[in-house]
Number of protein chains: 2
Amino acid sequence: MNAHRLERLVEFRHTLRGFLFFSEEAAAEEGIHAQQYQLMQVVFAATEPTIAYVAERMYLKHNSAVELVGRAVEEGLLLRKRDLIDARRVVLKLTPRGERILMRLVDRHLLELERVGPQIKVALEKVMSK
Amino acid sequence: MNAHRLERLVEFRHTLRGFLFFSEEAAAEEGIHAQQYQLMQVVFAATEPTIAYVAERMYLKHNSAVELVGRAVEEGLLLRKRDLIDARRVVLKLTPRGERILMRLVDRHLLELERVGPQIKVALEKVMSK
DNA sequence: ATATTTATATCGTAACACGATACAAAAGAG
DNA sequence: CTCTTTTGTATCGTGTTACGATATAAATAT
């Protein structure tokens, strides 16, 4: 176990955590949670955003996805729609409010990545070199 | 709001989330939580690992750090030591068990980064290019 | 000697994630 | 066409994590 590599791994995780912390703060400023922002991203980018799709894409168990969606629906970010063809499935859709919040957050994250992206990249390159 | 950039941002977060999910799984296989692994990294890499230092480094409030450390101590991963010079402070140290687990996890993460590091890098480069 | 600041700790609350379990709709088996 | 199995979503109980508010003891400043 090379000590240099460990330190670089720690540094890499620190820069990542910094970015994720920014994300949490930005979401909070929009009055939502970081996971809700992630959920909205996934829903918006998908062609057929069902609970199962969200779970798979976010590496969650399906029941966790159900709960996450439930909270987002309660707060008016998302809508549940029963699939007419397959009545087991639920298709998700952003509300206008959810969409507005998502767009603002995406913009802010893109801006932040212009700042910290290079740092992340350097930290990653260092940790990958032996 | 460029649609391409949004999709690339979503893709970037997805690769990141994939790495973090691996981290959670790897920690679970060692019988600990992902945050405990992060905590051990920070403690191990620091010259003077106090509660306040851990909190700052992990972007946590001090009380969250206290609680995280408390659970890690209970599970025999970490030791609390009152600082002899400044009796307000608590200095942390890995137990032999904690250190063994940390080393195994670091190795596995370095290996995983050889695999997903390039993916993360590409996704990051794409999201940064306009 | 007293007031303020610093470092850690405790308590109540909420989001989040999970396993276990349930249930209705769809698909498959005979 | 019934019966069984699979699929998609939902509910419940539990634990981790994180927070704000509050507390306490030690160190520092006045």
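Keep in mind that this is a model prediction, so the values were computed, not measured. A, B, ... follow the sequence lines: proteins, then strands. Residue 1 opens every chain.
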Practice problem: Check whether any side-chain heavy atom of B:L77 sits under 4.5 Å from a side-chain heavy atom of B:L94, and report yes or no. | Solution: no

Quiz item: Among all residues two or more places apart in sequence or in another chain, which pass the salt bridge (Lys or Arg N to Asp or Glu O under 4.0 Å) test with A:E67?
Solution: none

Self-check item: Pairs meeting criterion side chain to side chain donor-acceptor pair (under 3.5 Å) with involvement of residues 112-126 of chain B, two or more places apart
Solution: A:K121-B:E125, A:E125-B:K121, B:E112-B:R115

Self-check item: All salt bridge (Lys or Arg N to Asp or Glu O under 4.0 Å) counterparts of B:E99, not counting sequence neighbours
Solution: none

Quiz item: Restricting to pairs with a member in residues 68-81 of chain A, which pass salt bridge (Lys or Arg N to Asp or Glu O under 4.0 Å), not counting sequence neighbours?
Solution: none

Quiz item: Hey, what else clusters with A:L111 if you join Ile, Leu, Val, Met, Phe, Trp, Tyr whenever side-chain heavy atoms sit under 4.5 Å?
Solution: none

Self-check item: Of all pairs that satisfy side chain to side chain donor-acceptor pair (under 3.5 Å), the ones with a partner from residues 45-56 of chain A, not counting sequence neighbours
Solution: A:E48-A:R89

Quiz item: By the rule that ILVMFWY residues connect when side-chain heavy atoms come within less than 4.5 angstrom, directly or transitively, which residues belong alongside A:F21?
Solution: B:Y59

Quiz item: How bent is the helix from C:dA1-D:dT30 to C:dG30-D:dC1, comparing axes over its five end pairs at each side, to the nearest 10°?
Solution: 20°

Quiz item: Which ones in residues 13-44 of chain A lie close to DNA chain D, meaning a heavy atom under 4.0 Å from one of its atoms?
Solution: none

Exercise. Output all residues satisfying salt bridge (Lys or Arg N to Asp or Glu O under 4.0 Å) with B:R88, sequence neighbours left out; order by chain, then residue number.
Key: B:D86

Practice problem: Can you run down the side chain to side chain donor-acceptor pair (under 3.5 Å) pairs that involve residues 19-31 of chain A, sequence neighbours left out, and say none if there aren't any? | Solution: A:R17-A:E24, A:S23-A:H109, A:S23-B:R13, A:E29-A:R108, A:E30-A:R104

Quiz item: So what does A:L92 hit on the nucleic acid, given a heavy-atom distance under 4.0 Å: a base, only sugar-phosphate, or nothing?
Solution: nothing

Using atom names, set out every protein N or O paired with an N or O of nucleotides 6-9 of chain D below 3.5 Å, distance rounded to 0.1 Å.
residue, atom, partner, partner atom, Å
D:dT7, O4', A:R88, NH1, 3.4
D:dT7, O2, A:R88, NH1, 3.2
D:dT9, OP1, A:V90, N, 2.7
D:dT9, OP1, A:V90, O, 3.3
D:dT9, OP2, A:A52, N, 2.9
D:dT9, O4, A:H62, NE2, 3.2

Quiz prompt | Rounded distance in Å - NZ (B:K61) to P (D:dA23) | solution = 20 Å

